[in-house]
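Start at 1 and go down the list; that is how both ligands and their atoms are numbered. FYI, side chains are in, hydrogens and waters are out, and symmetry mates aren't considered; it's all heavy atoms of this structure.
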Amino acid sequence: MRKKLVAGNWKMNTSFSEAQKLASEVANMVKDEALLDGTDVVICVPFPYLSTAAALVADSPVKVGAQNCSDKPKGAYTGETSTAMLASMEIPYVIIGHSERREYFNEDNQLLAAKTDIALENGLTPIFCCGESLETREAGNHFDFVCQQLTESLFHLSAEQLGKIVIAYEPIWAIGTGKTASAAQAQEMHEQLRAHLAGKYGAEIADAIPILYGGSVKPGNAKEIFAGKDVDGGLVGGASLDSRGFTDIVKAI
Ligand code: 13P
């Protein structure tokens, strides 16, 4: 059975005290490991709050992730954070290739391949994001476009390496817009992506990779979206800033 996962992406939000409150509340609400039934719950917090958040959730099943990492191992890269640093803090997850990084920081598929490599080298689980713009969808090229993102950033990996990755499909037109992909659109893309992975790595490996959906997931639509047979959880932005809403989304899985 595939791992299920619900991850909150706080993006560049919360003051330090708000972050402490939110992390503690989520940890308190997601206390019962048995109820999670193998689902991982992750909060991807801003870099400065990582160690505090990790300490606050330490007695709960909640795990902490970073929202980005450098593609370089170490050295004179002012302002960057390496995956070795994250590993040394025992941070298990890192988001790679979010559309906001691709768009505002010009991160391309090649750079994201390098980030994925170094995250894996340091034992982190990449949550690798992919997704098309509205323009690409309206032109009918969305399947090819998203498959190409996987090909160019992930298909150099060995089967063993690929098996350690979580993929998040986040259509750009659904991020922060309140306009979610329909459950059918999400399932359809996830199925395509799994078939694309199977074409390169075989069905057994492709079937084991969690594919999350992200883009305006809310307590009210999570259950329907997560019902798709290839939808293994969610990457949640805005709704993860509210502990009750986020835990309701976790419960929906
Ligand atoms: P929203 O849930 O706010 O649409 O954001 C989705 C997202 O970008 C998660 O990474």
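Across the listed options Gln67, Glu170, Glu100, Glu170 owns the non-hydrogen atom lying nearest to atom 7 (C) of ligand 1.
Within a 6.0 Å sphere centred on NZ of Lys223, heavy atoms belonging to other residues, nucleotides or ligands number 12 at most. Remark: Glu80 CD is packed, more than 12 non-hydrogen atoms of other residues, nucleotides or ligands lying under 6.0 Å away.
Contact annotation for Ala174 and ligand 1: only backbone heavy atoms (N, CA, C, O) come within less than 4.0 Å of the ligand.
Residue contacts with ligand 1: Gly215 is placed with no nitrogen or oxygen under 3.5 Å of a nitrogen or oxygen of the ligand (distance criterion only). Of the polar atoms of Thr177, none of the N or O atoms is found under 3.5 Å from an N or O of ligand 1, judged by distance alone. At under 3.5 Å, a nitrogen or oxygen of Asn9, whether backbone or side chain, sits near a nitrogen or oxygen of ligand 1. Checked by distance only, ligand 1 and Ser216 come closer than 3.5 Å through their nitrogen or oxygen atoms. The shortest N or O to N or O distance between Gly176 and ligand 1 is below 3.5 Å. An N or O contact shorter than 3.5 Å links Gly237 to ligand 1 by distance.
The closest side-chain donor-acceptor pair between Glu135 and Trp173, if any, does not fall under 3.5 angstrom. Between the side chains of Gln187 and Glu191, at least one donor-acceptor pair of N or O atoms lies under 3.5 Å.
With respect to atom 3 (O) of ligand 1, the closest heavy atom belonging to the protein is Gly238 N, 2.8 Å.
Of all atoms in ligand 1, listed by their number and element, those nearer than 4.0 Å to a heavy atom of His98 are 7 (C), 8 (O), 9 (C), 10 (O). For ligand 1, the atoms sitting less than 4.0 Å from at least one non-hydrogen atom of Leu235 are 9 (C), 10 (O), numbered in the order shown with element in parentheses.
In this structure, Lys11 is part of the shell of residues with a heavy atom less than 4.0 angstrom from ligand 1.
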Would you check, one step at a time, whether the test side chain to side chain contact (heavy atoms under 4.5 Å, CB included) holds for Phe16 with Thr52? CA-CA 9 Å; Phe16 187 39; Thr52 303; 3.6 Å; yes

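Evaluation of the salt bridge (charged side-chain N to carboxylate O under 4.0 Å, His left out) rule for Lys11 yields Glu100 as partners, not counting sequence neighbours.
Side-chain N or O atoms of Gln67 include one that pairs as donor or acceptor with a backbone N or O of Cys44 at under 3.5 Å. Without hydrogens or angle criteria, Asp144 side chain to Asn141 main chain gives no donor-acceptor distance under 3.5 Å.
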